[in-house]
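Report on one structure; see the data block that follows.
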2 protein chains.
Amino acid sequence: MNYNDKQLQIIDTAEGLFADKGFDGTSVRDIAEVAGINVAMISYYFGSKEKLMEALFEIKIERIKDRLESLLKDETLTPFQKVNIMIDEQIERMWSGQRFYKIMLCEQLIDTNPSITRKVSELKLRNAELVNKIVKDGQEKGVFKKEVDVVLMLNTMIGTSWQTLVSQDYYKNFSAEDMSLTDDAYKEQMKTKLSNHVKTLFKIILSYEA
Amino acid sequence: MNYNDKQLQIIDTAEGLFADKGFDGTSVRDIAEVAGINVAMISYYFGSKEKLMEALFEIKIERIKDRLESLLKDETLTPFQKVNIMIDEQIERMWSGQRFYKIMLCEQLIDTNPSITRKVSELKLRNAELVNKIVKDGQEKGVFKKEVDVVLMLNTMIGTSWQTLVSQDYYKNFSAEDMSLTDDAYKEQMKTKLSNHVKTLFKIILSYEA
DNA sequence: GTTTTAATTAAACGATTGTTTAATTTTGTG
DNA sequence: CACAAAATTAAACAATCGTTTAATTAAAAC
């Protein structure tokens, strides 16, 4: 499906509101007002509020799909390099696209729209299979250990990253850290720490114990 | 606040519906119908739908609070034992109380009710401080290493557990596992695997490298 | 320039939302 | 039993929901 500029602008507006107030908490009039358009345009372009949501998922998931694909093919990278790059890209994707990730997580929890459930399910399985290939490759090359639970490993990457992103505000005042940091600098520091943390965990999960 | 049987029954019904359809996706008439009461009873007992939600959080969070408290005090346990028990209890709590955890996570994401946001925030900070005490104790006793990022560690525990719980259906057919398992047996197996996984990660995070 | 198509609008639609009212029934108390 | 308090009810409330209609404007095609 192809969308024109106006449609993309509506989708973008909807993304922001869905992330802030949830799908059911956002009215089509909210979207229309923020986007500066007439309410009827939403039905006109998308058919319904549900289908507007589906269009959002279609676009975003398509974009996510493409990125991981190319990583697997790269022959110049070692399995460990691939895994580390995957971690960094995952974190980067979550931070920059946190509005959509919020919506996606909510949708996984609530689970009302079958079309979206299917899209998310396919994406997750696909990712797991791609990572499984990397792991299998590493095992054959003798750098990864034999028994690796790929699903649990991915759950650690995604879960830890997500948990860190969602609750970073809660813990801002927890650690007696350098308070002179700006908000942006704080976030960047958090991302770096998280990246190293997950990489360390993955090294343990994947490589032979000392 | 104390609630009578009827109020508790309404709260319990609401919990189920909120978990399935979300707060905004659930109408007071839905709740009334499932609970087998008149719609007006919700306003009569709780004042509003929002306050019904707050009552749910009040009850549930109170219960969660109490459990962790006693663990810290136990003098007969080593720091490592405490951590491992914490992991198992956390997983057990998530699995048995997944309806509420769903709602709580959604509420963290959407963040509209200040009263609830405060309650959740307090709970999280409290937990982090309790765990921090355990870690400090272990460091003083020389069994935990010096540099431990407690927040990241907790994010790994909660994030990994939650991610596993939420997406266990997606991956049911992923691993070429023993298919003869019943659903309940599968879930129990999943919990055991998860528990061992997180414990392994924590051992790495907390103890000196070899 | 005229015709056709697409875009945009305000208004109305019926359904559903959370809450309140006022009447009635049930329960507890003396 | 009589009285007061609590519980429960059906009905009504105004507000908002997503969507549709029918009319109008803008753009594209011939």
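Quantities reported herein were computed from a predicted structural model and do not represent experimental measurements. Numbered from 1 within each chain, the chains take letters A, B, ... in sequence-line order.
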[N] [atom2] sits how many Å from [X] [atom1], rounded?
| X | N | atom1 | atom2 | result |
| --- | --- | --- | --- | --- |
| A:Met41 | C:dA11 | CE | P | 18 Å |
| B:Phe23 | C:dT17 | CZ | P | 13 Å |
| A:Arg29 | C:dT16 | CZ | C1' | 13 Å |
| B:Asn4 | C:dT27 | CG | P | 14 Å |
| B:Glu50 | C:dG18 | CD | P | 10 Å |
| B:Asp5 | C:dT27 | CG | C1' | 15 Å |

*asked:* With heavy atoms of chain B within less than 4.0 Å as the criterion, where does contact along DNA chain D begin and end?
replied: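 So the contact region on DNA chain D extends D:dA6 to D:dA12.
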_Does atom NZ (A:Lys51) have a neighbourhood of more than 12 heavy atoms from anything else shown, all under 6.0 Å?_
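At most 12 heavy atoms, drawn from other residues, nucleotides or ligands, come within 6.0 Å of this atom.
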*Ring centre gap for A:Phe57 and A:Phe100 strictly below 6.0 Å*: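 Distance test on ring centres: under 6.0 Å, yes.
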*Can the ring centres of A:Phe144 and A:Phe80 be said to be less than 6.0 Å apart?*
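Here the rings of A:Phe80 and A:Phe144 have centres that are less than 6.0 Å from each other.
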*Run the salt-bridge test on A:Asp169 and B:Lys124 with the 4.0 Å N-O cut-off and return the result as yes or no.*
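Here A:Asp169 does not pair with B:Lys124 in a salt bridge, since their nearest N and O are not under 4.0 Å apart.
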*Could you tell me whether A:Lys191 and A:Glu188 make a salt bridge, using a distance below 4.0 angstrom between a side-chain N and a carboxylate O?*
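A:Glu188 and A:Lys191: salt-bridged.
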*With heavy atoms under 4.0 Å as the rule, sort A:Phe46 into base, sugar-phosphate or nothing.*
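Touches nothing.
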*Out of B:Ile64, B:Val166, B:Leu165, which residue meets the side chain to side chain contact (heavy atoms under 4.5 Å, CB included) rule with B:Tyr101?*
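Checked B:Ile64, B:Val166, B:Leu165 against B:Tyr101; only one passes side chain to side chain contact (heavy atoms under 4.5 Å, CB included): B:Ile64.
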*Option among B:Val198, B:Thr192, B:Leu194 that satisfies the side chain to side chain contact (heavy atoms under 4.5 Å, CB included) test with B:Asn196*: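 The single option meeting the side chain to side chain contact (heavy atoms under 4.5 Å, CB included) with B:Asn196 is B:Thr192.
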*Where A:Gln139 and A:Glu147 come nearest, the two heavy atoms and their spacing*: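 Nearest pair, atom of A:Gln139 first, then A:Glu147: NE2-N, 4.4 Å.
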*If pairs are Watson-Crick or G-U with both distances under 3.5 Å, what is the dot-bracket string of DNA chain C, marking crossing pairs with [ ] and pairs to another strand with |?*
||||||||||||||||||||||||||..||
*Look up atom CZ in A:Arg118 and atom CD in A:Glu54, then write down how far apart they are to the nearest 0.5 Å.*
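These two atoms lie 9.0 Å from each other.
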*More 5' along DNA chain C: A:Gly36 or B:Ser43, using each one's nearest nucleotide?*
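Looking at the nearest nucleotide for each, A:Gly36 comes out on the 5' side.
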